Amino acid sequence: MRYVDEFRQPELVHKLVDELSATITRPWTIMEICGGQTHAFMRFGLDALLPSEIELVHGPGCPVCVTPLELIDKAIAIASQPGVIFCTFGDMLRVPGSHSDLFRVKAAGGDVRIVYSPLECLKIAREHPERQVVFFAIGFETTAPGNAMLVWQAKEQDITNFSMLVSHVRVPPAITAILSSPGNRVQGFLAAGHVCTVMGYWEYEPLAERFRVPIVVTGFEPVDLLRGLLMAVRQLEAGRYEVENAYGRSVQREGNRPAQELIARVFEPCDRAWRGIGVIPDSGWQLRPEFADFNAERRFALDDIQTQESSVCISGLVLQGRKKPYECPAFGTECTPMHPLGATMVSSEGACAAYYRYGKRAKQGVRDEA
């Protein structure tokens, strides 16, 4: 398979591991920002092959995990109202709110629908003009262009029974928050290749210079990940702090300019709360005033939302790279994918879900498909 098999060849994997071992001279702590990268490390058993001097910590790059509890509760409140068709991606159904989740709303008779493209919502809205159709717009820079197009087309087509609950977040402010924390241990980053495909990596260059950390744009296959790690370690060993691109087949420095322009037409930057972390300045996008009619938070009465986070779950510390999932007393016992306490155990990109699913296989080396 083109662009997949050639990046899973065991001989290349072991060659890169050997180069890493020959390069590294002291311990380094490196964060992979994206939960998809966390799962890839676990799935292919790469973490078990790495030199002991490398400690991987897992970042906040899972859109489901960082969606704030207040918005989960608001989504549940909207979806529970009669006459509403609530549309969302499948990962969101079992994310726990304060007292319930969207799956329970659906089980109780609520019209909660899974969509695979945001634009499906406009078709549903046209087919049901007597009902309110709401889309839960979550995600990083990867999903923002599609959601911006959804609102843009709704306005162009004068669809008045559609609105969006927006929870978009941005990577660069999150990196700033992590590196500014007094408890930070991260010395280098693997940046998410799909985010950079949209946004480029020019935004990371001032961060690398300001905080003196290497940032390497990295893909999701075994060879991509190990090549990114090797480039980061080479920088650290040489005392260099630059942004490098190890995912050239998809990412250019300037990114996808038309997508960025569409985002800027529909959204504007805002402060945003991240679940388990708190408010990060300038880390989100909200609808611009000219699209305020499509803001579900304005369309529905949601003033009496009272949030209550689990007192046991440590997902916030996991998302900041300060704790590993197995350090949580509830991991694998009170908290499992079927009975999650936090979003990191639910999401297909969550770090806790990765440890639960692949942790027992982590020392078996590269799996057969690699």
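In this text, all values refer to a predicted model and were calculated from it rather than measured experimentally. What's counted below: heavy atoms across the whole structure, side chains too, no hydrogens, waters or symmetry copies.
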Please examine the side chains of Phe41 and Leu229, heavy atoms only from C-beta on, and report whether any two atoms are closer than 4.5 Å. yes
Please answer: with hydrophobic residues joined when any side-chain heavy atoms are less than 4.5 Å apart, are Ile114 and Ile72 in the same cluster? yes
Does Arg299 use its side chain to pair, donor to acceptor, with the backbone of Asp293 at less than 3.5 Å? yes
Starting at CG of Leu46, measure out to CD of Gln37 and round the result to the nearest 0.5 Å. 11.5 Å
Output yes when a side-chain donor or acceptor of Arg170 lies under 3.5 Å from a complementary backbone atom of Trp285, and no otherwise. no
Locate the shortest heavy-atom distance separating Pro145 from Leu262; write the atom from each residue and the value. O-CD2, 3.5 Å
Decide whether Val217 and Met31 are clustered together by the hydrophobic rule: side chain heavy atoms of Ile, Leu, Val, Met, Phe, Trp, Tyr closer than 4.5 Å, transitively. yes
Measure across Cys34 and Ala192 and return the closest heavy-atom pair with its distance rounded to 0.1 Å. CB-CB, 3.7 Å
Spell out, yes or no, whether Leu165 and Ile85 are grouped together once hydrophobic residues are joined by side-chain heavy atoms under 4.5 Å, including indirect joins. no
Side-chain contact test, heavy atoms from C-beta onward, threshold under 4.5 Å: evaluate it for Tyr204 versus Cys196 and give yes or no. yes
Can you pull out every side-chain hydrogen bond (donor to acceptor under 3.5 Å, both in side chains) where at least one residue sits in residues 210-233? Sequence neighbours excluded, please. Arg8-Glu221, Asp224-Arg249
Would you confirm whether Thr333, through its side chain, and Ala330, through its main-chain N or O, come within 3.5 Å as a donor-acceptor pair? yes
Leu71 vs Glu297 side-chain heavy atoms within contact, under 4.5 Å: yes
Heavy atoms of Ser167 and Pro68 approach each other most closely as OG-CD, 3.5 Å
What residues, two or more places apart in sequence or in another chain, satisfy ring-ring contact (aromatic ring centres under 6.0 Å, His included) together with Phe140? Trp274
Are the side chain of Gln187 and the backbone N or O of Thr29 linked by a donor-acceptor pair below 3.5 Å? yes
For Glu32 and Thr38, which I'm curious about, is there any donor-acceptor pair between the side chains at under 3.5 Å? yes
Is Glu127 salt-bridged to Arg131, going by a charged N under 4.0 Å from an acidic O? no
What pairs of residues pass the ring-ring contact (aromatic ring centres under 6.0 Å, His included) test when at least one of them lies in residues 290-347, not counting sequence neighbours? Tyr326-Tyr355
Under the side-chain hydrogen bond (donor to acceptor under 3.5 Å, both in side chains) rule, collect the residues that match up with Arg26, sequence neighbours excluded. none
Any donor-acceptor N/O pair, Ser100 side chain to Pro96 backbone, under 3.5 Å: no
Could you go step by step and tell me if Ile124 and Cys87 meet the side chain to side chain contact (heavy atoms under 4.5 Å, CB included) rule? CA-CA 9 Å; Ile124 296 171; Cys87 301; 3.8 Å; yes
Out of curiosity, does Leu69 fall in the hydrophobic cluster containing Val318 (side-chain heavy atoms, cut-off under 4.5 Å, transitive links)? no
Measuring from atom OG of Ser283 to atom CD1 of Ile277, what distance do you get when rounded to the nearest 0.5 angstrom? 9.0 Å
Salt bridge (charged side-chain N to carboxylate O under 4.0 Å, His left out) filter on Glu309, not counting sequence neighbours, yields Arg275
Candidate pair Thr88 and Phe86, rule side chain to side chain contact (heavy atoms under 4.5 Å, CB included), full reasoning: CA-CA 7 Å; Thr88 182; Phe86 194 88; 4.2 Å; yes
Charged N to carboxylate O below 4.0 Å: is that the case for Lys15 and Glu11? no
Could you note down all residue pairs passing side-chain hydrogen bond (donor to acceptor under 3.5 Å, both in side chains) where residues 252-272 supplies at least one of them, sequence neighbours left out? Glu205-Arg253, Glu254-Arg257, Arg257-Gln260, Glu268-Gln286
If you round to the nearest 0.5 Å, how far is CG of Leu225 from CZ of Phe44? 8.5 Å
If I take atom OG1 from residue Thr142 and atom CE from residue Met199, how far apart are they, to the nearest 0.5 angstrom? 11.0 Å
Do you know the tightest heavy-atom contact between Pro337 and Arg94? O-NH1, 2.6 Å
Can you check whether Ile76's main-chain N or O pairs, donor with acceptor, with Ser80's side chain at less than 3.5 Å? yes
Any heavy-atom pair between the side chains of Gln9 and Val223 that's under 4.5 Å? no
Residue pairs involving residues 143-171 (criterion ring-ring contact (aromatic ring centres under 6.0 Å, His included); sequence neighbours excluded): His168-Phe267
Is there a donor-acceptor pair closer than 3.5 Å between any side-chain N or O of Thr176 and the backbone N or O of Pro172? yes
Side chains of Gln235 and Glu242: donor-acceptor distance under 3.5 Å anywhere? no
Mind checking what makes salt bridge (charged side-chain N to carboxylate O under 4.0 Å, His left out) contact with Arg234, not counting sequence neighbours? Glu19
Side-chain donor-acceptor pair under 3.5 Å between Ser98 and Gln306, yes or no? no
Main-chain N/O of Gly193 paired with Thr197 side-chain donor or acceptor, under 3.5 Å: yes
Applying salt bridge (charged side-chain N to carboxylate O under 4.0 Å, His left out) to Glu55 and not counting sequence neighbours gives Arg185, Lys324
Residues pairing under ring-ring contact (aromatic ring centres under 6.0 Å, His included) where one sits in residues 217-255, two or more places apart or in two chains, turn out to be His194-Phe220
Stepwise side chain to side chain contact (heavy atoms under 4.5 Å, CB included) check, Tyr356 with Cys335: CA-CA 10 Å; Tyr356 187 89; Cys335 182; over 6 Å; no
Quick one: name the residues clustered hydrophobically with Val312, using the 4.5 Å side-chain heavy-atom rule over I, L, V, M, F, W, Y, and just say none if it's on its own. Leu341
Examine distances only and state if a side-chain atom of Trp28 and a backbone atom of Thr25 form a donor-acceptor pair shorter than 3.5 Å. no
First locate atom CE of Met149, then atom OG of Ser117, and finally report the distance between them rounded to the nearest 0.5 Å. 11.0 Å
Inter-residue atom distance Phe89.CZ - Thr143.OG1, 0.5 Å rounding: 6.5 Å
Residues which pass salt bridge (charged side-chain N to carboxylate O under 4.0 Å, His left out) with Arg113, listed by chain and number, not counting sequence neighbours: Asp111
For the pair Thr307 and Asp73, evaluate side-chain hydrogen bond (donor to acceptor under 3.5 Å, both in side chains) and give the outcome as yes or no after the intermediate values. CA-CA 7 Å; Thr307 61; Asp73 286 343; 5.3 Å; no
Please find the pair of heavy atoms, one from Ala259 and one from Val198, that lie closest to each other, and give the distance. CB-CG1, 4.2 Å
Note: Pro214 and Ala232 closest approach over all heavy atoms is CG-O, 4.1 Å
Give the C-alpha distance, both sets of side-chain angles, the deciding distance and a yes or no for side chain to side chain contact (heavy atoms under 4.5 Å, CB included) between His39 and Arg43. CA-CA 6 Å; His39 275 255; Arg43 175 189 175 192; 5.7 Å; no
Co-membership, hydrophobic cluster, residues Tyr116 and Leu122, 4.5 Å side-chain: no
